[in-house]
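These notes concern the structure reproduced below.
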Amino acid sequence: MPSELPVAKRFESTADGKPSPKMLSFYEENGFLILENFASHAACDALKARIAELVEGFDPESVRSTFSTDDQSHAQDFYFKDSGDKIRFFFETGAFDSKGDLVKPKHQALNKIGHALHDLDPEFDRFSRSDKLSNLATALGLEDPALVQSMVIMKQPFIGGEVGMHQDSSFLYTTPMTTTGFWFALEDADQSNGCLIGQAGGHKAGLLERFHYDGDSLVMEKTSDAEPQGPYEALAAPKGTLVVIHGLVPHSSAANTSARSREAYALHMFDRNAEWAADNWLKRAPDMPVKGFA
Ligand SMILES: O=C(O)CCC(=O)C(=O)O
């Protein structure tokens, strides 16, 4: 992939979130939709402040002790598998040394926080359950939107890792496929600090692979030999921008080699009229059912 990509078209968000016909046809054609000023700078700053508090209150020792009670990869695997209805903290690769000690201060070593911030934290709940977002989700075809997964993606300066090319429906599979990503730039994201990259129109090739349980193991299974067509574009997003990502559009982000962080909040929804696959990785306890906007 070339180091500088064409920058994708952006639209100014409407006040109530309802997309214009032009936005809808752009989304249908490209599989993504970039809406500037969807969230205010004040709302982004409030969420960033809450993230800083969560990180401050997080004791990395709790993770270290989890990992040291079992072999590292198994415990890390379990820490992830069990995180669908929790707020858990995931580190950049290489954050721990061979003894299990952090090699950097925790706030510089984290890669992401997930996966139920929107249900467990009041600030995230407020940000995620706005009328504006509800209007947008419904207009995009999610008749009965279910807010199933939330993540803060840190992309720390210099060490923020690459996110490989993937489709969100591979991870959050429904029949028919309804998974949709809502990715908020809490800080300016551009090609220098690892903004999203999307393959325009790539969603038309269908699902390429599925990440799912096979017994107790998670496997990535190839589901198609199709080769998505369409140019890769930089989904550059100034602070407050919302990038909507169709569940089938291939997307990625490059490592952040700059001195600027690129913090983002991603929320994934599906339509409850579709069937959620029981072998999806993300599990919720019976007392933590997936909820909608209400
Ligand atoms: O924030 C990123 O770099 C990747 C996010 C992503 O792939 C997603 O939200 O599906």
Side-chain angles (χ1 to χ4, degrees), residues 1 5 8 27 30-35 38-39 44 47-48 51 80 83-84 90-93 110-118 124 127-128 133 137 140 147-174 177-200 202-203 207-211 220 228 232-258 260-270 280-282:
M1 196 176 300
L5 294 168
Y27 179 63
N30 292 277
F32 51 75
L33 177 64
I34 309 182
L35 300 172
F38 193 93
C44 293
L47 212 62
K48 278 172 45 140
I51 293 164
F80 166 74
S83 66
F90 298 89
F91 289 94
E92 289 291 346
T93 325
L110 284 169
N111 170 282
K112 71 172 182 179
I113 309 173
H115 291 92
L117 291 144
H118 61 295
F124 279 88
F127 189 95
S128 307
L133 189 55
L140 291 175
L147 283 59
V148 67
Q149 172 181 271
S150 49
M151 297 183 282
V152 169
I153 302 151
M154 323 288 286
K155 272 287 193 219
Q156 309 273 5
F158 304 116
I159 58 155
E162 173 188 5
V163 175
M165 197 58 73
H166 65 281
Q167 298 167 300
D168 291 336
S169 288
S170 298
F171 297 89
L172 306 170
Y173 184 76
T174 69
M177 278 177 269
T178 57
T179 294
T180 309
F182 296 85
W183 185 99
F184 293 90
L186 302 180
E187 299 176 321
D188 291 345
D190 55 38
Q191 294 191 70
S192 70
N193 64 349
C195 68
L196 289 174
I197 295 166
Q199 187 176 18
H203 59 308
L207 191 73
L208 305 175
E209 51 188 11
R210 259 205 79 199
F211 183 69
M220 187 62 101
Y232 292 107
E233 295 184 7
L235 311 186
K239 177 174 177 175
T241 299
L242 167 60
V243 183
V244 185
I245 309 166
H246 189 288
L248 289 173
V249 92
H251 62 284
S252 64
S253 64
N256 182 7
T257 51
S258 81
R260 293 158 49 227
S261 57
R262 195 237 61 184
E263 213 160 77
Y265 174 55
L267 180 64
H268 289 88
M269 299 184 207
F270 68 95
N280 278 335
W281 83 266
L282 191 149

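Quick caveat: nothing in here was measured; it's all calculated off a predicted structure. Atoms within a ligand are numbered from 1 in the order they appear, just like the ligands themselves.
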Testing the 3.5 Å rule here: is there a donor-acceptor pair between the side chains of S128 and Y265?
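Looking only at side-chain atoms, Y265 and S128 do form a donor-acceptor pair, the distance falling under 3.5 Å.
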
Applying a 4.0 Å heavy-atom criterion (strictly less than), which segment of [X] is in contact with ligand 1: side chain, backbone, both, or neither?
X: M154; value: neither
X: A264; value: neither
X: I245; value: neither

Pull out every atom of ligand 1 sitting under 4.0 Å from any heavy atom of [X], numbered as shown with elements.
X: S253; result: 2 (C), 3 (O)
X: D168; result: 10 (O)
X: A266; result: 9 (O)

To the nearest 0.5 Å, what is the distance between CD1 (I159) and CD (E92)?
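Separation between the atoms: 5.0 Å.
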
Atom pair CG (L117) and CG (L47), whose distance is rounded to the nearest 0.5 Å
8.5 Å

Do you know which of K239, K155, R260, R262 makes salt bridge (charged side-chain N to carboxylate O under 4.0 Å, His left out) with D190?
R260

Is it the case that the side chain of S150 and the backbone of H118 share a donor-acceptor pair, with hydrogens and angles ignored and the cut-off at 3.5 Å?
yes

Output yes when a side-chain donor or acceptor of E233 lies under 3.5 Å from a complementary backbone atom of A200, and no otherwise.
no

Classify the ring geometry of H246 against Y27: parallel below 30°, tilted from 30° to 60°, perpendicular beyond 60°.
tilted

For [atom], closest protein heavy-atom neighbour:
atom: atom 6 (C) of ligand 1; answer: H251 NE2, 3.8 Å
atom: atom 7 (O) of ligand 1; answer: H166 CE1, 2.9 Å
atom: atom 4 (C) of ligand 1; answer: L196 CD2, 3.6 Å

For atom 5 (C) of ligand 1, which candidate among L235, I153, N111 holds the nearest heavy atom?
I153

